[in-house]
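The block underneath contains the structure these notes are about, expressed in structure tokens.
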Amino acid sequence: MSQLDHRQVIAIDGPAAAGKSTVARLLADRIGAMLFDTGALYRAVTLAAARAGISPGDGQALAGLTRRLRIEIAPASIDDGRQVDVLLDGEDVTWAIRTADIDARVSEVSAHPAVRDALLDAQRSITGGVKVVMVGRDIGTVVIPQAGAKIYLKASAAERARRRLAELQGRCIEATFEQVLDDLNARDAYDSSRETAPLAAANDAIVVDTDNRPVEEIVNEIQRIAEAAWRQAGVTGE
Ligand code: CDP
């Protein structure tokens, strides 16, 4: 298998619930790309740590655990609203990693440099021939700095909280607007201020504001940006 040409990657970073996953799914389907939501890796580690009784503050134990885990992200096998299947040592944890409890712990777990380091290879070693839409916090800055197109999606906190609340209600999970807003603000503050690979737009990222704009329009804009970048770089893909 050939190594992935990193220029075939579209990196989409941004704060919690900025619409990254929704936009990335539509874009990936449209251009025949693979979707890689890196947040699922950090969430799966957080779930495994909670189950193993490891504190979110214990970086060394978390890093050891991360290296032992087998986390797989596969195309959705069930039509229940999921974007992908997330498997933790073979177990389907797609929904188990998207609870309020995991939301409350994931940023502290993700801030440990050794945890991030243990997940880096998995994010860089996708094998070649395909275009990939990669979603996260540090894709354009750290994971794939040579990405063909780098997008930083943003939206106001209130708009993001409204979207996340609607998503939770769709899954019959009870929460208030204030609870959701507090979680997003707390995670953003933690993710932006950590020393290693903080949430940030790369210098050469294009910032796309998603407030009050239909999803289709945003997908169109990112597609145009990526295709122009690929034309310029002579990247064809398969
Ligand atoms: O979907 P949502 O925006 O709520 O979160 P996510 O993308 O699933 O990411 C969950 C958490 O994982 C973030 O709040 C970060 O703490 C961490 N994360 C990270 O540190 N680096 C990434 N590349 C992706 C996620």
Side-chain angles (χ1 to χ4, degrees), residues 9-25 35-50 56 59 62-63 66 71 73 81-84 86 93-124 126 132-145 147 150-155 157 159-168 170-171 173 175 179-202 205 210:
V9 174
I10 301 176
I12 303 182
D13 292 303
K20 301 184 298 290
S21 305
T22 309
V23 165
R25 171 83 277 157
L35 170 63
F36 191 168
D37 182 354
T38 61
L41 301 178
Y42 292 94
R43 287 174 175 276
V45 170
T46 304
L47 175 66
L62 288 168
T66 305
I71 306 169
I73 301 182
R82 64 181 60 196
Q83 309 260 13
V84 289
V86 182
V93 295
T94 308
W95 295 120
I97 61 171
R98 299 191 186 279
T99 63
D101 186 47
I102 300 298
D103 286 346
R105 295 161 178 258
V106 65
S107 285
E108 191 176 352
V109 170
S110 306
H112 296 288
V115 171
R116 306 197 70 80
D117 194 54
L119 291 173
L120 210 45
D121 277 353
Q123 296 175 82
R124 286 187 178 149
I126 319 160
V132 183
V133 181
M134 252 179 121
V135 179
R137 301 290 187 287
D138 58 342
I139 309 304
T141 49
V142 175
V143 179
I144 314 279
K150 299 184 193 178
I151 308 295
Y152 188 86
L153 275 196
K154 66 172 203 180
E159 175 69 29
R160 294 188 286 119
R162 270 194 294 277
R163 288 180 193 156
R164 182 52 49 94
L165 186 61
E167 189 186 318
L168 292 173
R171 286 162 50 206
I173 294 177
Q179 283 167 339
V180 173
L181 185 64
D182 284 352
D183 165 64
L184 298 183
N185 283 334
R187 277 201 287 136
D188 289 348
Y190 214 114
D191 293 345
S192 309
S193 61
R194 69 182 175 221
E195 279 185 22
T196 306
L199 162 66
T210 70

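First listed ligand is number 1; within each ligand, the first listed atom is number 1.
- Ion pairing between a basic and an acidic side chain is recognised when a charged N comes within 4.0 Å of a carboxylate O; Arg163 and Glu159 show such pairing.
- Of all atoms in ligand 1, listed by their number and element, those nearer than 4.0 Å to a heavy atom of Gly136 are 23 (N), 24 (C).
- Short contacts between ligand 1 and Val106, defined as distances under 4.0 Å to a heavy atom of the residue, involve ligand atoms 11 (C), 12 (O).
- By the side chain to side chain donor-acceptor pair (under 3.5 Å) test, Asp13 pairs with no residue at all, sequence neighbours left out.
- Only the side chain of Arg194 comes within 4.0 Å of ligand 1, counting heavy atoms alone; its backbone N, CA, C and O stay farther away.
- Rounded to the nearest 0.5 Å, atoms OH (Tyr42) and CG (Leu119) are 5.0 Å apart.
- Proximity annotation for atom 23 (N) of ligand 1: of Asp188, Asp138, Val109, Asp138 comes nearest, heavy atoms only.
- Between Arg160 and Asp188 there is a salt bridge, with a side-chain nitrogen of the basic residue lying less than 4.0 Å from a carboxylate oxygen of the acidic one.
- Nearest to atom 10 (C) of ligand 1 by heavy atom, out of Arg105, Gln123, Arg187, is Arg187.
- Looking only at protein heavy atoms, the nearest one to atom 8 (O) of ligand 1 is Arg43 NE, 2.6 Å.
- Which of Arg160, Met134, Arg137 comes nearest to atom 22 (C) of ligand 1 through a heavy atom is settled by distance: it is Arg137.
- Taking CD1 from Ile139 and CE from Met134, the interatomic distance works out to 4.5 Å, rounded to the nearest 0.5 Å.
- Closest protein heavy atom to atom 21 (N) of ligand 1: Arg116 NH2, 2.9 Å.
- Each of Ile97, Thr66, Leu41 was scored for a side-chain contact (heavy atoms from CB on, under 4.5 Å) with Ile71, with one residue passing: Leu41.
- Distance CD/Glu108 to OH/Tyr190: 4.0 Å, rounded to 0.5 Å.
- The residue Ala197 has no part lying near ligand 1, judged by heavy-atom distances below 4.0 Å.
- The contact set between ligand 1 and Asp191, taken as ligand atoms under 4.0 Å from a residue heavy atom, comprises 13 (C), 14 (O), 15 (C), 16 (O).
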Counting only pairs under 3.5 Å, give me each side-chain donor-acceptor contact of residues 195-202, with atom names and distances, residues two or more places apart or in other chains.
none

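- Taking atom 17 (C) of ligand 1 as the reference point, the nearest protein heavy-atom neighbour is Ser110 OG, 3.3 Å.
- Between atom CZ of residue Arg25 and atom CG of residue Asp37 there is a gap of 10.0 Å, rounded to the nearest 0.5 Å.
- Nearest protein neighbour of atom 24 (C) of ligand 1, counting heavy atoms only, is Thr38 OG1, 3.5 Å.
- Considering only non-hydrogen atoms, atom 1 (O) of ligand 1 lies nearest to Arg164 out of Arg164, Glu167, Arg98, Lys20.
- Residue contact annotation: Ser21 has no non-hydrogen atom under 4.0 Å from ligand 1.
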